[in-house]
Amino acid sequence: MRFTLRIAFAALVMSSPSALAAGSKALLQIVVSIEQQSLVVYDGDTVIATSKVSTGKAGHPTPTGIFSIIEKRRHHKSNIYSNAPMPFMQRLTWSGIALHGSNHVPDYPASHGCVRLPSKFAAALYKMTGYGMHVVISDRQTTPVEVSSATLFQPNQSRPRGPALSDVPLRPAIGELNENAVEVAMADKRPSPVASDQEEAPIRMLITRRGVQETVRDLQTLLNMLGHDAGPLDGFIGPATLAAIQSFQTAEGLPADGKMTQGLIEAVFRKAGRGAPSNGVLRVRRQFQPLFEADVTIAEPGTALGTHLLQFQDLDPKSGQGKWFGISLENQLPKATKKRLGITADADAPAAFDAVERTLKRITVPEDVRERIAGLLVNGSSLSITDTESGLETGEGTDFITTTRTPRS
């Protein structure tokens, strides 16, 4: 079924009076289907608005994944295509992918990577959205469903906050920008978002498999703690870290080859009175800035987690509980990535009714971490789950961006 523009802006407001209320815009979600060439706006699992779209044509495909609105401009022009107008531009990535209005929105892919919207709908949508509102782009149509799981967080799980779990900030995840996303909404400066009070802003969480940099940074932390100067906690093995490894090996009577092997990591962790490194990490951001990260455990590591987005809303102040609505996307992991991560079994198909719940059951979050998150949880907070982090897009001035297929594929 192909979606068409069904309702005007006045009808949007009438159908969802809360959609334009201050502080409530982030509760909505946008889902774009490339197969259907459609866009649907959801409030939880309720459809608020729909429209046709035109996504990237052959040679300039629109990336799929989990995004959020990081910049808005009523009047914008492409600095690649002869100042082509991009009215009501809503940026999804700093490399140039955006939602924007157009007078040419055929019922087939025709853009250079962006998501084109009919002009009138683009203007109406612009008024409905806020910074940080999630946009999911999927090959097939996917629909949010209410999810119930003991793994998910609730504000009533909060307790008086004790010492900080981890004061180590997240590493910047800005990499080489994708030069093939050419229907761009580039800007010289990354403006600060207009957002609500810091303490009331929704948090963004990401659970993914632990990477090499996290392990190296933990190793650096413990070597420093043990009196071996590993230099800055940057997650990279530089001369200072190599020297610290050799210093540790010499002190412990080990061959001083300076190599970071699994045996060396386990020896450092044992000496520091720590267990083995966890196989998962949970990162937290708020208003496009990192807050903290913590270790989590992923059961059945040989099975893919899949890619999922869950959003929290409808918080009842009396009970301290709210609802979580989840969306699952197709998990497109290259064979080389599966081999590197030790994945031998695919995740459940996104269409499986319990795909999100089955993944959540495999994740264990320490109780003190759960309590801290519960104290930060407000309407509009979200949790993304994925096997491998998309580090090229997540960075300064973004939420966690998860791409399941990039324009280079």
Side-chain angles (χ1 to χ4, degrees), residues 1-7 12 15-16 19 27-58 60-69 90 92 97-100 102 105-111 113-118 121-122 124-125 128-129 133-147 304 306-311 313 323-333 346-359 382-386 401-407 409:
M1 173 181 178
R2 191 172 301 284
F3 285 79
T4 59
L5 177 60
R6 296 177 182 173
I7 41 184
L12 296 177
S15 66
S16 180
L27 302 186
L28 302 179
Q29 295 184 77
I30 294 173
V31 178
V32 175
S33 167
I34 292 177
E35 183 178 79
Q36 298 288 340
Q37 290 292 284
S38 68
L39 178 149
V40 184
V41 182
Y42 288 96
D43 180 356
D45 55 2
T46 301
V47 175
I48 300 300
T50 67
S51 174
K52 69 175 182 178
V53 302
S54 188
T55 58
K57 61 186 177 181
H60 304 285
T62 299
T64 58
I66 302 168
F67 308 89
S68 60
I69 296 170
Q90 304 193 66
L92 305 183
I97 302 301
L99 310 172
H100 67 81
S102 175
V105 186
D107 58 355
Y108 54 84
S111 80
C114 288
V115 178
R116 293 182 186 174
L117 308 171
F121 185 83
L125 183 67
M128 297 178 68
T129 61
M133 179 171 166
H134 283 300
V135 178
V136 172
I137 303 177
S138 176
D139 286 316
R140 296 179 176 83
Q141 183 63 39
T142 184
T143 303
V145 296
E146 187 172 351
V147 177
T307 300
H308 315 275
L309 171 67
L310 297 110
Q311 181 161 291
Q313 61 186 78
K323 296 179 180 179
W324 286 92
F325 293 90
I327 296 175
S328 295
L329 287 77
E330 290 189 0
N331 207 40
Q332 302 179 19
L333 294 177
D346 291 332
D348 293 327
F353 75 95
D354 61 347
V356 181
E357 288 92 337
R358 287 167 64 90
T359 296
S382 65
L383 168 64
S384 299
I385 302 172
T386 187
I401 296 176
T402 298
T403 54
T404 55
R405 188 193 66 241
T406 68
S409 62

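Residues take their numbers from the sequence shown, with the count starting at 1. Computed from a predicted model, the values in this text were never measured in an experiment.
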Checking the side chain of S111 only, and the main-chain atoms of G56 only, is there a donor and an acceptor separated by less than 3.5 Å?
yes

Between the main-chain N or O of Y108 and the side-chain N or O of S54, is there a donor-acceptor pair closer than 3.5 Å?
yes

Salt bridge (Lys or Arg N to Asp or Glu O under 4.0 Å) partners of D354, counting only residues at least two apart:
none

Are side-chain heavy atoms of L28 and T129 found at a separation under 4.5 Å?
no

With sequence neighbours left out, the residues meeting side-chain hydrogen bond (donor to acceptor under 3.5 Å, both in side chains) with D348 are R358

Non-neighbouring partners of T55 that pass side-chain hydrogen bond (donor to acceptor under 3.5 Å, both in side chains), sequence neighbours left out
Q37

So, does T403 use its side chain to make a donor-acceptor pair with the main chain of G65 at under 3.5 Å?
no

Quick check: closest heavy atoms across K57 and A110, and the distance to 0.1 Å?
CD-O, 3.9 Å

Going by side chain to side chain contact (heavy atoms under 4.5 Å, CB included), Q29 matches just one of D43, I48, I327. Which one?
I327

Quick check against the 3.5 Å criterion: does E35 have a side-chain atom that pairs as donor or acceptor with the backbone of Q141?
no

Is the backbone of G113 close enough, under 3.5 Å, to the side chain of T62 for a donor and an acceptor to pair up by distance?
yes

Taking the side chain from T404 and the backbone from Q332, do they hold a donor-acceptor pair closer than 3.5 Å?
no

